[in-house]
Amino acid sequence: MLNRNKLNKGGFLITFEGIDGSGKSTQIKKLQNLFKKKKIKNIYFTREPGGSEFGNKVRKLLLNDSNINFTNESQILLLLASRFEHYNRFILPIIKENGIVISDRFQDSTYAYQCGNNKKLYDILKYLNYSLFRNFEPKLTILLDINPKLAVQRINKRNKKNLFDKKTLSFYKTVRKNYLKLAREKKRIKVFDASLNKDLLFDNINKIITKEIDKR
Ligand code: TMP
């Protein structure tokens with residue numbers, strides 16, 4: 001069977017992960033600006049949920065439609081359907097052409113957010129991940145780690161909040177714990193202290209991403 005990680009040879013996927021309020025968007029914006037300034041080509045930015053027409057519809061449904069109370073199982077199914085489209089129609093073709101995709105969230109979000117402490121949900125996700133994506137994983141994951149109390153303070157300053165932004169502190173504590181557990185298991189996940197000054201944080205992130213790009 002095709003080992004999907006071999007696809008990561010020339011082109012590859014880099015992901016950003018972290019709880020809401022960890023400052024992902026700010027760091028990704030800085031990266032986009034830097035690549036633009038340096039005129040670096042063949043790097044594509046995307047996000048999840050999103051990345052395809054269907055993905056954007058799922059985003060709206062999950063993040064904005066407060067009339068539907070989705071179970072975690074249904075959330076997993078919707079997110080994976082959207083990821084499958086995103087992966088096959090956007091990510092994979094770029095990687096096959098030796099391009100680099102940088103995604104704001106990917107598979108680790110579903111584990112951290114939807115699975116909680118529930119082994120049954122984790123087993124469902126693991127099975128579907130294998131069936132749909134084989135062993136495909138990002139080459140590098142930047143995990144922005146932050147104390148959930150600080151993250152919630154940041155979220156509360158936002159004007160527009162989505163349904164996940166309205167979750168409780170204990171929900172974010174579990175999400176953070178899940179992320180850190182994954183980081184202990186997977187070498188591709190590099191943990192950064194997101195409470196650092198944002199320029200300093202960006203220098204650290206940029207160093208590791210540039211190293212990965214230069215290795216190609
Ligand atoms: P963001 O794009 O501002 O980070 O918001 C996306 C929200 O969607 C965030 O609260 C996390 C949530 N989410 C999940 O719960 N599971 C997933 O698999 C993904 C991709 C996102």
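Order of appearance sets the numbers: ligands from 1, and atoms from 1 within every ligand. Please read all numbers here as calculations on a predicted model, not as lab measurements.
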Of all the atoms in ligand 1, which lie at a distance below 4.0 Å from a heavy atom belonging to [X]?
| X | result |
| --- | --- |
| R59 | 1 (P), 2 (O), 3 (O), 5 (O) |
| R83 | 18 (O), 20 (C) |
| E48 | 20 (C) |
| L79 | 16 (N), 17 (C), 18 (O), 19 (C) |

Mind checking whether [X] and [Y] have side chains closer than 4.5 Å, heavy atoms only?
| X | Y | value |
| --- | --- | --- |
| Q27 | L144 | yes |
| Y179 | S109 | yes |
| L79 | Y113 | no |
| L13 | Y87 | no |
| E137 | K186 | yes |

Looking only at protein heavy atoms, identify the closest one to [atom] and say how far it is in Å.
| atom | value |
| --- | --- |
| atom 10 (O) of ligand 1 | D20 OD2, 2.7 Å |
| atom 16 (N) of ligand 1 | Q114 OE1, 2.8 Å |
| atom 17 (C) of ligand 1 | S109 CB, 3.5 Å |
| atom 18 (O) of ligand 1 | T110 OG1, 2.6 Å |

- prompt: Looking at F16, is K24 sitting on its ring face, NZ or CZ under 6.0 Å from the six-membered ring centre and within 45 degrees of the normal?
  reply: no
query: Can you tell which of L163, L63, L62 gets a heavy atom nearest to atom 8 (O) of ligand 1?
result: L63
field: Rounded distance (nearest 0.5 Å) linking atom CG of N206 with atom CD1 of I142
entry: 10.0 Å
- request: Keeping the roles fixed (side chain from R59, backbone from P49), state whether a donor-acceptor pair exists under 3.5 Å.
  value: yes
Applying a heavy-atom cut-off of 4.0 Å, say which part of [X] lies close to ligand 1: side chain, backbone, both or neither.
| X | result |
| --- | --- |
| H86 | neither |
| S25 | neither |
| K24 | side chain |
| R105 | side chain |

message: If only side-chain N and O atoms count, and only distance matters, is there a donor-acceptor pair under 3.5 Å linking N178 with Y122?
response: no
